[in-house]
Amino acid sequence: MQRTPDPATVGALLDEATTRLRHGGIPTARLDARVLLGHAMNVAPASLLPGSMRAVARPEARAFQSLIARRLLRAPVSHLTGSREFFGRLFRVTPDVLDPRADSECVVEMALSFLSPDRPVKILDLGTGSGCLILTLLAERPMAMGTGVDISEAALHVARDNARTLGLANRVMFQTGHWLDGIAASFDLIISNPPYITEADMAGLQPEVRDHEPRLALVGGTDGLDAYRQICPHVGPRLLPNGVVVFEFGQDQGEAVRTIARQSGLETIHAVRDLGDIERGITLKSTDSA
């Protein structure tokens, strides 16, 4: 660990940490340094300006140096701070859940367009993880009620914490399960961001993802499509009249997911692209729906 400059200032700490992170191959070195120093000092990162002579207390400087050392080992910033912003809200994050990603926000926006704000609706989230999808939908639709399902009890613990923090615990229930197993109710919206990384692609992921996020929530089998094959045949009967299914998927998987859905009696009614102009999600309806 590097020696803390004496006396430590915001500017000196940021410069030193940014250099170390860049040398360590971190592409977001300056941003990460500011976020981690803000976390160590319990202040907004935006208030920490390059070149600032603001003094940093020695315990805070030591804590910052420890965070930088862990970041150099490619621990995700969200695991170091314990949270990630998603759709304007802060979600608790641990190694038991996927890090909420900005690309998923377009899928949430697509789902919201099919949810009336003026009437009660029921939402099911399959593979809920941190709960970022269903809790965002509930926060944006105050008349909605939700159920989140995950096979990982550790992930559900995180989701329940996030529900309490966001004041949504009275409108959502979480249960352990494998996709739709044990689900008897029907819903206006079923949403899922299932594992879709292929076995072959796993080794090439960034270390922050490959080595620190739960493999169970990442890998979708040899071709990345196992979860869609397991969900699609059973999802139609769980939709209320005019109900829809929203899936997120990986790059270049859209056509394969549409084919799996079509073979299960689901037709695509909308698609959405992410910030990188990559097709990221689709909305489906049952061909048997009213």
Side-chain angles (χ1 to χ4, degrees), residues 86-91 100-101 103-150 155-156 158-194 227-228 231-249 257-258 261 264-272 274 280-290:
F86 182 81
F87 220 85
R89 298 175 181 86
L90 209 58
F91 286 82
R101 288 160 169 78
D103 286 338
S104 296
E105 294 189 359
C106 69
V107 178
V108 169
E109 290 171 348
M110 180 172 62
L112 287 171
S113 71
F114 287 89
L115 291 175
S116 170
D118 303 320
R119 67 179 182 86
V121 289
K122 295 169 61 180
I123 304 169
L124 175 65
D125 181 14
L126 299 174
T128 194
S130 68
C132 66
L133 296 185
I134 193 167
L135 295 176
T136 297
L137 294 173
L138 294 180
E140 295 291 324
R141 293 291 182 264
M143 298 183 71
M145 301 292 288
T147 300
V149 177
D150 204 290
L156 292 177
V158 176
R160 292 185 183 103
D161 278 355
N162 283 323
R164 286 190 289 268
T165 300
L166 294 170
L168 298 168
N170 64 329
R171 290 199 285 128
V172 64
M173 64 172 287
F174 294 103
Q175 64 185 66
T176 308
H178 184 257
W179 306 130
L180 287 150
D181 290 353
I183 299 295
S186 297
F187 300 86
D188 298 282
L189 171 73
I190 299 175
I191 190 168
S192 184
N193 177 18
Y228 305 97
I231 295 171
C232 285
H234 308 288
V235 78
R238 300 277 69 82
L239 290 174
L240 290 166
N242 301 313
V244 295
V245 181
V246 171
F247 279 132
E248 180 173 335
F249 46 75
V257 173
R258 275 188 280 270
S264 300
L266 302 167
E267 65 175 300
T268 303
I269 55 176
H270 191 68
V272 67
D274 65 19
R280 185 59 61 185
I282 54 173
T283 301
L284 307 154
K285 70 175 183 179
S286 173
T287 54
D288 297 326
S289 63

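When a residue number appears, it is its place in the shown sequence, counting from 1. Here the structure is a predicted model, which is why all the values come from computation and not from measurement.
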Asks: First locate atom CZ of Phe247, then atom CG of Leu126, and finally report the distance between them rounded to the nearest 0.5 Å.
Replies: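 The CG atom of Leu126 is 7.5 Å from CZ of Phe247, to the nearest 0.5 Å.
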Asks: Short question: side chain of Ser286, backbone of Asp288 - any donor-acceptor pair under 3.5 Å?
Replies: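 Here the side-chain-to-backbone pair exists.
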Asks: Please give me the minimum heavy-atom distance between Thr128 and Ala159, naming the atom from each residue.
Replies: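 Smallest heavy-atom distance, with atoms named: CG2-CB, 4.5 Å.
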Asks: Test of understanding: with side chain to side chain contact (heavy atoms under 4.5 Å, CB included), list the residues that count as partners of Arg164, not counting sequence neighbours.
Replies: Arg160, Asp161, Ala169
Asks: Counting only pairs under 3.5 Å, give me each side-chain donor-acceptor contact of residues 103-113, with atom names and distances, residues two or more places apart or in other chains.
Replies:
unit_1	atom_1	unit_2	atom_2	d
Ser104	OG	Glu248	OE1	2.8
Ser104	OG	Glu248	OE2	3.3
Glu105	OE2	Phe87	N	2.7
Ser113	OG	Met110	O	2.5

Asks: For Thr176, what residues pass the side chain to side chain contact (heavy atoms under 4.5 Å, CB included) criterion, not counting sequence neighbours?
Replies: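 Per chain and number, Thr176 pairs via side chain to side chain contact (heavy atoms under 4.5 Å, CB included) with Glu153, Leu156.
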Asks: What pairs of residues pass the salt bridge (Lys or Arg N to Asp or Glu O under 4.0 Å) test when at least one of them lies in residues 130-144, not counting sequence neighbours?
Replies: Arg89-Glu140
Asks: Which atom pair, heavy atoms only, marks the closest approach of Thr147 to Phe187?
Replies: OG1-CE2, 4.1 Å
Asks: Please list all pairs meeting salt bridge (Lys or Arg N to Asp or Glu O under 4.0 Å) that have one or both residues in residues 110-126, counting only residues at least two apart or in different chains.
Replies: Arg119-Asp188
Asks: Do Asn162 and Ser130 have side-chain heavy atoms sitting under 4.5 Å apart?
Replies: yes
Asks: Can you sort out the partners of Glu267 under side chain to side chain contact (heavy atoms under 4.5 Å, CB included), two or more places apart, ordered by chain and number?
Replies: Lys285, Thr287
Asks: Would you please test Leu266 and Cys232 for side-chain contact (heavy atoms from CB on, under 4.5 Å) and show each step?
Replies: CA-CA 8 Å; Leu266 302 167; Cys232 285; 4.2 Å; yes
Asks: Distance-only criterion, 3.5 Å: show the donor-acceptor pairs between side-chain atoms of residues 132-139 and protein atoms not counting sequence neighbours.
Replies:
unit_1	atom_1	unit_2	atom_2	d
Thr136	OG1	Cys132	O	2.6

Asks: Between Ile123 and Ala144, which heavy-atom pair has the shortest distance, and what is it?
Replies: CD1-CB, 3.9 Å
Asks: How close do Gly127 and Asp150 get, heavy atom to heavy atom, and via which atoms?
Replies: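 That would be C-OD2, 3.4 Å.
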Asks: Yes or no on side-chain contact (heavy atoms from CB on, under 4.5 Å) for Leu239 and Val245, after CA distance, side-chain angles and deciding distance?
Replies: CA-CA 8 Å; Leu239 290 174; Val245 181; 3.8 Å; yes
Asks: State which residues pass side chain to side chain contact (heavy atoms under 4.5 Å, CB included) with His178; sequence neighbours excluded, sorted by chain then number.
Replies: Ile151, Asp181, Gln230
Asks: How close do Phe114 and His270 get, counting heavy atoms only, and between which atoms?
Replies: CZ-CB, 4.1 Å
Asks: For Arg171, what residues pass the side-chain hydrogen bond (donor to acceptor under 3.5 Å, both in side chains) criterion, not counting sequence neighbours?
Replies: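 Not a single residue meets the side-chain hydrogen bond (donor to acceptor under 3.5 Å, both in side chains) criterion with Arg171.
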Asks: Suppose we screen for salt bridge (charged side-chain N to carboxylate O under 4.0 Å, His left out). Which residues come up paired with Arg238, at least two apart in sequence or across chains?
Replies: none
Asks: With Phe91, which residues qualify under ring-ring contact (aromatic ring centres under 6.0 Å, His included), at least two apart?
Replies: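 So Phe91 forms no ring-ring contact (aromatic ring centres under 6.0 Å, His included) with any residue.
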Asks: Centroid separation under 6.0 Å, is that true for the rings of Phe249 and Tyr228?
Replies: no
Asks: Mind listing the closest non-hydrogen atom pair of Ile231 and Leu180 along with its distance?
Replies: O-CD1, 3.9 Å
